[in-house]
Q: 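Mind having a look at this structure? Questions to follow.
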Number of protein chains: 2
Amino acid sequence: MAADRIFEALASRPRREILAYLSAQELTAGEIASRFAMSAPAISRHLSLLETAGLVSSERRGQYVVYRLNKDNLVNTLTGFAFEICPTAGPLKRESRKLASRKQGG
Amino acid sequence: MAADRIFEALASRPRREILAYLSAQELTAGEIASRFAMSAPAISRHLSLLETAGLVSSERRGQYVVYRLNKDNLVNTLTGFAFEICPTAGPLKRESRKLASRKQGG
DNA sequence: TAAGCAATTAAGACATTAGTTAAATGTATA
DNA sequence: TATACATTTAACTAATGTCTTAATTGCTTA
């Protein structure tokens, strides 16, 4: 189940912070690591987990690897779950469908 | 940070399923446990964690303990995080504020 | 090819989580 | 009080998660 991996990915504060950083702009693995107190390998594992969950994508660019956020997947999963739990939130539901129809439009 | 406990609580499939069950109706601890393959003590720990996170509330009723969902806290946290990550989703943002102003209205 | 930097993978230590069964606590009732 | 049932807590084991440092891989450039 895809939601399993996504919620597991979101269960870590550093990983949520990575997503917040990437919400503003693309960043290389090193740029991300420099924002945290932990080692680069630790960040690399977090990034790998986020990518497996489908929340970020990576692209090698020369000697760097650039990461970017997959907003659709994140927003769809969170709002989808919120609706499962809180189904009477009709207006929220409509807006989310609208949102989902955009392509990575953030 | 409150969001930490909430996302940690959501990182478990059984706990998300408990929330889904409670979204339809109040249930006693035993009724919840009967819906899962695991033991009652295991479910009791899941419920305790959900309550610590503020996602459910409990009330002793005679010899039973009845659990109910705190929809506000769940929806606010999820949509709040989604907006932090996806701030340009203006319409979604507006609807959520409307939703938040209702009291447990689900 | 060799040297240097970016990033990932490997190996291992440590803490946390999630389940089990057994015991304890709380309430209802004979 | 004694018994029964619902629930939680305790004690323990097994599995997972998250770091660390060291080694490896990949690209760039001299």
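To find a chain, count down the sequence lines: A is the first, B the second, and so on, and within it residues start at 1.
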Q: Just to verify, what does B:Ala20 make a side-chain contact (heavy atoms from CB on, under 4.5 Å) with, not counting sequence neighbours?
A: A:Glu84, A:Ile85

Q: Take the protein atom CE of B:Met38 and the nucleotide atom C1' of C:dT17, then report the distance between them rounded to whole Å.
A: 12 Å

Q: Sequence neighbours excluded, which residues qualify as side chain to side chain donor-acceptor pair (under 3.5 Å) partners of A:Ser57?
A: A:Asn70

Q: With the threshold set at under 4.0 Å for non-hydrogen atoms, list the residues of residues 8-18 of chain B touching DNA chain D in residue-number order.
A: none

Q: Return the set of residues passing side-chain contact (heavy atoms from CB on, under 4.5 Å) with A:Ser39 (not counting sequence neighbours), or none when no residue passes.
A: A:Pro41, A:Ala42

Q: May I have all residue pairs that pass salt bridge (Lys or Arg N to Asp or Glu O under 4.0 Å) and include part of residues 6-21 of chain B, sequence neighbours excluded?
A: A:Asp4-B:Arg13, A:Asp4-B:Arg16

Q: Would you indicate, yes or no, if C:dT20 has its OP1 or OP2 atom less than 4.0 angstrom from a side-chain nitrogen or oxygen of B:Ser39?
A: yes

Q: Determine whether A:Arg68 and A:Leu22 satisfy the following criterion, side-chain contact (heavy atoms from CB on, under 4.5 Å), listing intermediate values before the conclusion.
A: CA-CA 6 Å; A:Arg68 67 175 175 283; A:Leu22 291 177; 5.8 Å; no

Q: Walk along DNA chain D from 5' to 3' and tell me the first and last nucleotide with an atom closer than 4.0 Å to a non-hydrogen atom of chain B.
A: D:dC5 to D:dT9

Q: Could you check which residues of residues 49-66 of chain A get a heavy atom under 4.0 Å from DNA chain C? Sort them by number, please.
A: A:Gln63, A:Tyr64, A:Val65

Q: Name every residue in residues 26-33 of chain B that has at least one heavy atom under 4.0 Å from any atom of DNA chain D, in order of residue number, or write none if there are no such residues.
A: B:Thr28, B:Ala29, B:Gly30

Q: Taking the side chain from A:Thr79 and the backbone from A:Val75, do they hold a donor-acceptor pair closer than 3.5 Å?
A: yes

Q: So which pairs with a foot in residues 24-34 of chain A pass salt bridge (Lys or Arg N to Asp or Glu O under 4.0 Å), sequence neighbours left out?
A: A:Glu26-A:Arg61

Q: Does any N or O in the side chain of B:Ser48 come within less than 3.5 Å of the main-chain N or O of B:Ser44, such that one atom is a donor and the other an acceptor?
A: no

Q: Step by step, would you call A:Ile32 with A:Thr28 a side-chain contact (heavy atoms from CB on, under 4.5 Å)?
A: CA-CA 6 Å; A:Ile32 295 168; A:Thr28 69; over 6 Å; no

Q: Looking at A:Tyr67, I'd like to know whether one of its side-chain N or O atoms comes within less than 4.0 Å of OP1 or OP2 on C:dA6.
A: no

Q: Apply ring pair (Phe, Tyr, Trp, His ring centres under 6.0 Å) to residues A:Tyr21 and A:Tyr67 and explain how you reach the verdict.
A: CA-CA 10 Å; A:Tyr21 283 128; A:Tyr67 283 86; over 10 Å; no

Q: With A:Ile18, which of A:Leu27, A:Leu55, A:Leu47 fulfils side-chain contact (heavy atoms from CB on, under 4.5 Å)?
A: A:Leu47

Q: Where do B:Ser23 and B:Lys71 come nearest, in terms of heavy atoms and distance?
A: O-NZ, 3.7 Å

Q: Who passes side-chain contact (heavy atoms from CB on, under 4.5 Å) against A:Arg60, sequence neighbours left out?
A: A:Val65

Q: I want to check one thing: is the phosphate of C:dG19, taken as OP1 and OP2, less than 4.0 Å away from some side-chain N or O of B:His46?
A: yes

Q: For nucleotides 9-15 of chain C, give me every protein contact, N/O to N/O, under 3.5 Å, one pair per line with atom names.
A:
none

Q: Between A:Phe81 and B:Leu78, which heavy-atom pair has the shortest distance, and what is it?
A: CD2-CD1, 3.6 Å

Q: Listing request: all salt bridge (Lys or Arg N to Asp or Glu O under 4.0 Å) pairs with a residue in residues 40-55 of chain A, at least two apart in sequence or in separate chains.
A: none

